Amino acid sequence: MMRTLKNGKIDKRVMSMIVRNYDKLKDLCIYRTHGLLCSKSYEDIFHDAILFVSQDKKASLISSEEELVRYFNYRFRMILYQTINDNKQLKEIPYADYIQTSKKEDSEE
């Protein structure tokens with residue numbers, strides 16, 4: 001099942017902290033420049049993390065930028081992990097359908 005991101009109100013204070021630390025966050029999170037997971041590049045996943053953190057209520061409680069950088073990195077890794085698992089699931093579904101089709105054909109003979 002593909003995950004959807006939050007749809008909520010963006011916290012301007014959190015977003016301004018992300019903007020001030022954008023280059024630092026990008027250097028910290030994006031270490032691969034190629035490859036796709038669920039038709040998303042690592043840059044896309046990074047921007048998904050920006051959207052998620054900017055709407056997250058836990059992030060709005062963070063006061064220091066250093067804490068926000070750590071929290072953002074944690075959220076980025078979680079979104080990356082979920083995307084990797086979604087990508088694996090997409091690859092497994094056709095195989096499961098193939099097994100069911102094979103069982104039906106065997107039982108008909």
Side-chain angles (χ1 to χ4, degrees):
M1 178 166 129
M2 299 297 289
R3 290 168 176 76
T4 57
L5 292 175
K6 290 184 173 186
N7 289 326
K9 191 172 182 178
I10 292 176
D11 187 328
K12 291 180 182 180
R13 187 182 61 78
V14 171
M15 194 58 149
S16 66
M17 283 195 284
I18 291 172
V19 168
R20 284 192 299 272
N21 292 290
Y22 184 83
D23 291 332
K24 183 178 184 179
L25 292 169
K26 194 170 180 179
D27 290 341
L28 183 65
C29 296
I30 301 178
Y31 54 91
R32 294 184 181 149
T33 57
H34 63 282
L36 294 175
L37 301 165
C38 293
S39 300
K40 290 183 176 184
S41 68
Y42 288 92
E43 183 88 19
D44 294 331
I45 296 168
F46 176 74
H47 288 110
D48 287 348
I50 290 174
L51 288 174
F52 186 92
V53 171
S54 67
Q55 298 171 8
D56 193 7
K57 290 181 181 172
K58 287 183 182 179
S60 65
L61 300 174
I62 295 173
S63 57
S64 80
E65 291 189 8
E66 197 59 41
E67 282 181 67
L68 183 74
V69 168
R70 282 194 302 272
Y71 183 73
F72 184 91
N73 187 34
Y74 166 75
R75 278 296 172 196
F76 172 80
R77 289 182 295 152
M78 293 306 297
I79 292 171
L80 178 61
Y81 176 77
Q82 291 171 344
T83 307
I84 289 169
N85 284 335
D86 289 346
N87 193 53
K88 286 179 185 177
Q89 186 179 11
L90 284 175
K91 290 179 180 181
E92 291 172 1
I93 291 172
Y95 181 70
D97 291 341
Y98 174 75
I99 290 174
Q100 289 177 351
T101 304
S102 297
K103 288 180 183 177
K104 287 179 184 177
E105 290 176 1
D106 290 340
S107 64
E108 291 175 0
E109 291 177 0

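Bear in mind that the values here come from a model prediction, so they are computed numbers and not experimental data.
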- Message: Does Phe76 form a ring pair (Phe, Tyr, Trp, His ring centres under 6.0 Å) with Tyr42? I'd like the steps, not just the answer.
- Response: CA-CA 10 Å; Phe76 172 80; Tyr42 288 92; 7.7 Å; no
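Closest non-hydrogen pair, Cys29 versus Asn73, comes out as SG-OD1, 3.8 Å. Across all their heavy atoms, Leu51 and Ser54 have their closest contact at O-OG, 3.0 Å. The two residues Ile62 and Glu67 have their closest heavy-atom pair at CG2-CB, 3.5 Å. The two residues Ile79 and Thr83 come nearest to each other via the heavy atoms O-OG1, 2.7 Å. In plain terms, the two heavy atoms of Arg75 and Val53 that are nearest each other are CB-CG2, 3.8 Å.
Taking CG from Asp11 and OG from Ser16, the interatomic distance works out to 8.0 Å, rounded to the nearest 0.5 Å. Arg77 contributes atom CZ, which lies 12.0 Å from atom CD1 of Ile84 (distance to the nearest 0.5 angstrom).
A donor-acceptor contact shorter than 3.5 Å links the side chain of Asn21 to the backbone of Met17. With hydrogens and angles disregarded, no donor-acceptor distance shorter than 3.5 Å links the side chain of Asn85 to the backbone of Gln82.
With a 4.5 Å cut-off on side-chain heavy atoms, Ile50 and Met15 count as touching. Using a 4.5 Å heavy-atom threshold, the side chains of Ile18 and Leu68 count as touching.
Aromatic ring pairs are classed by plane angle as parallel below 30°, tilted from 30° to 60° and perpendicular above 60°; the pair Tyr74 and Tyr71 is tilted.
Hydrophobic clustering places Tyr22 together with Ile45 (ILVMFWY residues linked when any side-chain heavy atoms are closer than 4.5 Å, directly or through intermediates).
Phe46 has its ring centre less than 6.0 Å from the ring centre of Phe72.
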